[in-house]
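Quick caveat, the model's predicted, so the values are computed rather than measured. No hydrogens, no waters, no symmetry mates; every other heavy atom, side chains included, goes into these values.
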Amino acid sequence: MSPLVITLLIVVGIVILIVIGYVNHMVENSKLEKARLKADLSDRIRRCADLSETLPGQMVSPDLKLLLTRLQLQLSERLLQVDKGDNALKARIEQLRALVGQGESIPVNNPPQKILTEAKAKEIRFQLESLHGQITRAAQDGQLPANEAKSRVRDIRDMLVQLHVEFFTNLGLQALQENQPRQARLAFERGVQYLQKQPDPARYQDRLQQMKAQLARANALVLENAQPSADEPSELTEGLKSLDDEDIWKKKNIYD
């Protein structure tokens, strides 16, 4: 065998090894990309489903429920293209299609939630932040038109305001029930300040007036409780008790 043939065989062998390595590299990258896409879509589907089921009922309209269901359907259809043999996913897609087909008549079974603690308020705030993230991502991926995404973001801002109003109102009312008008006044004051700091305070004028009325009520109770009771021991009443009988007329002058 001539040296030229040997050289050609060696070169061909090297080229074949390079091609095999490149093909293996492409296959591995494809597998990794498929796994990454599958994990990403699955996570987004889970987040939309969690939001749809766990958001407080007072914040979930049929329109929002329909949006979250529609996003789940779109993401699930994309996931099925990646994993075509997932029969459970196929069944879930059929369920989602049926729900989307109901339009505004889609059932909303989320129970209302009482927002009485800071921990609960933070939990719901994180949910709204997650909802904002899903809306933004859907717009970036072309699932939502830009104008609809902007409208949804404004709705989320309104929901955040609603969250704070409910939280401060519930705190204040609970304090009033427990005969703690000072704590109630503080809660209502925080509510008024929050609404006044909004970029568009006129949008929440009705809520602001309601909060101011509750603040005025709590403030009146604070002032009322600040008045010393006639039966309550105090330095003034003890001083009056110590006066002699011949000084009774002085007491009369004090109260006349």
Side-chain angles (χ1 to χ4, degrees), residues 21-113 115 117-160 162-163:
Y22 178 76
V23 170
N24 286 337
H25 178 71
M26 293 297 293
V27 170
E28 288 300 320
N29 280 350
S30 177
K31 288 182 179 179
L32 289 174
E33 178 60 24
K34 182 178 179 180
R36 185 202 64 77
L37 181 59
K38 184 177 179 179
D40 179 59
L41 291 171
S42 298
D43 179 67
R44 291 172 64 188
I45 292 169
R46 178 186 60 79
R47 289 177 184 273
C48 288
D50 286 347
L51 289 168
S52 179
E53 297 301 324
T54 62
L55 276 170
Q58 64 267 35
M59 295 184 180
V60 182
S61 64
D63 182 56
L64 177 58
K65 191 81 168 182
L66 182 60
L67 170 67
L68 290 170
T69 305
R70 199 171 78 230
L71 290 179
Q72 289 180 68
L73 176 59
Q74 293 171 344
L75 293 168
S76 296
E77 288 174 340
R78 288 179 58 189
L79 180 59
L80 187 61
Q81 295 176 357
V82 178
D83 190 4
K84 297 181 180 180
D86 192 334
N87 292 325
L89 180 60
K90 292 178 182 178
R92 178 57 179 162
I93 287 174
E94 292 304 317
Q95 294 174 353
L96 292 169
R97 283 175 179 165
L99 288 172
V100 170
Q102 297 183 46
E104 292 290 336
S105 300
I106 189 171
V108 179
N109 300 319
N110 302 53
Q113 299 178 28
I115 307 169
T117 65
E118 186 172 349
K120 186 64 176 178
K122 284 184 177 180
E123 175 189 334
I124 297 174
R125 190 191 73 196
F126 291 149
Q127 288 180 310
L128 295 179
E129 290 175 355
S130 177
L131 177 60
H132 184 276
Q134 294 307 312
I135 297 296
T136 303
R137 181 68 183 277
Q140 292 173 346
D141 290 352
Q143 291 177 272
L144 281 180
N147 58 340
E148 182 179 355
K150 290 180 180 179
S151 176
R152 298 292 182 179
V153 168
R154 285 194 296 270
D155 291 341
I156 294 172
R157 189 180 301 118
D158 287 342
M159 292 163 69
L160 186 61
Q162 179 184 349
L163 167 65

**OP:** Dump the intermediate steps for salt bridge (Lys or Arg N to Asp or Glu O under 4.0 Å) on Arg137 and Asp40, then the final yes or no.
**Re:** CA-CA 12 Å; Arg137 181 68 183 277; Asp40 179 59; 3.0 Å; yes

Subject >> Verdict with reasoning, Leu41 to Leu37, per side chain to side chain contact (heavy atoms under 4.5 Å, CB included) >> reply: CA-CA 6 Å; Leu41 291 171; Leu37 181 59; 3.9 Å; yes

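- Contact detail for Arg46 and Asp43: the closest heavy-atom pair is NH2-OD1, 2.7 Å.
- We find the CG-CG distance between Asp155 and Leu67 to be 9.5 Å, quoted to the nearest 0.5 Å.
- Of all heavy-atom pairs between Leu79 and Ser42, the closest is CD2-OG, 3.7 Å.
- Side-chain atoms of Arg78 and Gln81 include no donor-acceptor pair closer than 3.5 Å.
- How far CZ of Arg92 is from CG of Leu73: 9.5 Å, rounded to the nearest 0.5 Å.
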Side-chain atoms of residues 124-134: list all donor-acceptor pairs with protein atoms under 3.5 Å, sequence neighbours left out, distances to 0.1 Å.
{"unit_1": "Gln127", "atom_1": "NE2", "unit_2": "Thr54", "atom_2": "OG1", "d": "2.9"}

**OP:** For the pair Ser61 and Val108, evaluate side chain to side chain contact (heavy atoms under 4.5 Å, CB included) and give the outcome as yes or no after the intermediate values.
**Re:** CA-CA 7 Å; Ser61 64; Val108 179; over 6 Å; no

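- The shortest heavy-atom contact between Gln58 and Pro112 is OE1-CA, 3.2 Å.
- Other residues, nucleotides and ligands place no more than 12 heavy atoms under 6.0 Å from the CD atom of Glu118.
- Pairs of residues two or more places apart, or lying in two chains, that qualify as salt bridge (charged side-chain N to carboxylate O under 4.0 Å, His left out) and include a residue from residues 79-90 are Lys38-Asp83.
- The line from CD1 of Ile115 to CD of Gln162 is 7.5 Å long, rounded to the nearest 0.5 Å.
- Separation of atoms CG (Leu163) and CG (Asp158) is listed at 12.5 Å; rounding is to 0.5 Å.
- Between the side chain of Asn110 and the backbone N or O of Ser52, at least one donor-acceptor pair lies under 3.5 Å.
- One finds the CD atom of Gln74 at 4.5 Å from the CD atom of Gln143 (value rounded to the nearest 0.5 Å).
- Using a 4.0 Å cut-off between a side-chain N of Lys or Arg and a carboxylate O of Asp or Glu, Asp50 and Arg47 do not qualify as a salt bridge.
- Of all non-hydrogen atoms in Ile135 and Ala149, the two that sit nearest each other are CG2-O, 3.9 Å.
- Of all heavy-atom pairs spanning Leu71 and Cys48, the tightest one is CB-SG, 4.2 Å.
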Subject >> salt bridge (Lys or Arg N to Asp or Glu O under 4.0 Å) assessment of Arg97 paired with Glu77 >> reply: CA-CA 10 Å; Arg97 283 175 179 165; Glu77 288 174 340; 3.2 Å; yes

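- Using a 4.5 Å heavy-atom threshold, the side chains of Leu68 and Glu53 count as separate.
- Closest heavy-atom contact between Pro107 and Leu99: CD-CD2, 4.4 Å.
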Original post:
Between Leu64 and Met159, does a side chain to side chain contact (heavy atoms under 4.5 Å, CB included) hold up when you go through it step by step?
Top reply: CA-CA 12 Å; Leu64 177 58; Met159 292 163 69; 4.0 Å; yes

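- Distance CG/Leu75 to CZ/Arg44: 4.5 Å, rounded to 0.5 Å.
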